[in-house]
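Residues take their numbers from the sequence shown, with the count starting at 1. What you are looking at is a predicted structure, and each value in this text was computed from that prediction instead of being measured. Both counts, for ligands and for their atoms, begin at 1 and track the order of listing.
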Amino acid sequence: MISKTMEQALNKQVNREFYSAYLYLAMSAYFETANMKGFASWMRVQAKEEQSHAMKMYDFILARGGRPVLLDIEAPKTKWSSAGKVFEEVYAHEQKVTAMIHGLVDLAMKEKDHATFEMLQWFVKEQVEEEEHASAILAQVMCVGDVPGHLFYLDHNLGKRE
Ligand SMILES: [Fe+2]
Ligand SMILES: [Fe+2]
C-alpha cells in the first residue's frame, strides 16, 4: 500500500507528464502551421510518449492500492519564433522534469518506499535519454542555422521517427 504523501506526489507527476504531452502537441501544431512536417511528426510521437509516461505512473498508483486523481492540465503556449526556440524550451523542460523525478526518488527514499523507488528508476534512465535527445536536436538546429530554409534536411530526418 502506498502512503498518502507518495500517492499525492505521484499524482502530481501524472499531471506533469500529461502537461508534457500537451506541450509537445502544441509544439507539433506550431510546426504543422510552419509547414515543417517532419518536426511536427517528431513532436506528435513525443507527445504520445509522454502520455505513456503518465499512464505508467497511473497504473503504478493503482497497483499499489492508491487512487489516481486527475488534476487540471495547464494550457501550454501556442507560438514560438523558430525551431531553435522550440528545442531550447524542450531541453529546459526536460531538465525540469528530471529534477521532479529526482525529487520523487528522494521522497521514496525518505519514506523507505522500495517499490516506488524501483519504479522510478525507469524514469531516471528515461530522463537521461530525454535530455540527450533534446540537446542533440537543439545542437543540430543551431549548427545548420535556425531558419526554415536551412532545416529542410533535418525536417526530413526527424520525420522518420516512429
Ligand atoms: Fe515524461
Ligand atoms: Fe519527456
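Coordination check, E130 versus the Fe ion (ligand 2): passed, since an N/O/S atom of the residue sits under 2.8 Å.
Side chain of Q121 to main chain of F117: a donor-acceptor pair is present (N/O by atom type, distance under 3.5 Å, no hydrogens or angles). In terms of modelled atom types and a separation under 3.5 Å, the side chain of Q127 and the main chain of E94 share a donor-acceptor contact.
If you put the vertex on the Fe ion (ligand 2), OE2 of E50 and OE2 of E94 sit 100° apart, to the nearest 10°.
With a 4.5 Å cut-off on side-chain heavy atoms, Q13 and V97 count as touching.
As for E17, its N/O/S atom nearest the Fe ion (ligand 1) is the one called OE1. Take the N/O/S atoms of H53: the one nearest the Fe ion (ligand 1) is ND1.
Under a cut-off of 6.0 angstrom, the local environment of NE2 in H156 is sparse, with at most 12 non-hydrogen atoms contributed by other residues, nucleotides or ligands.
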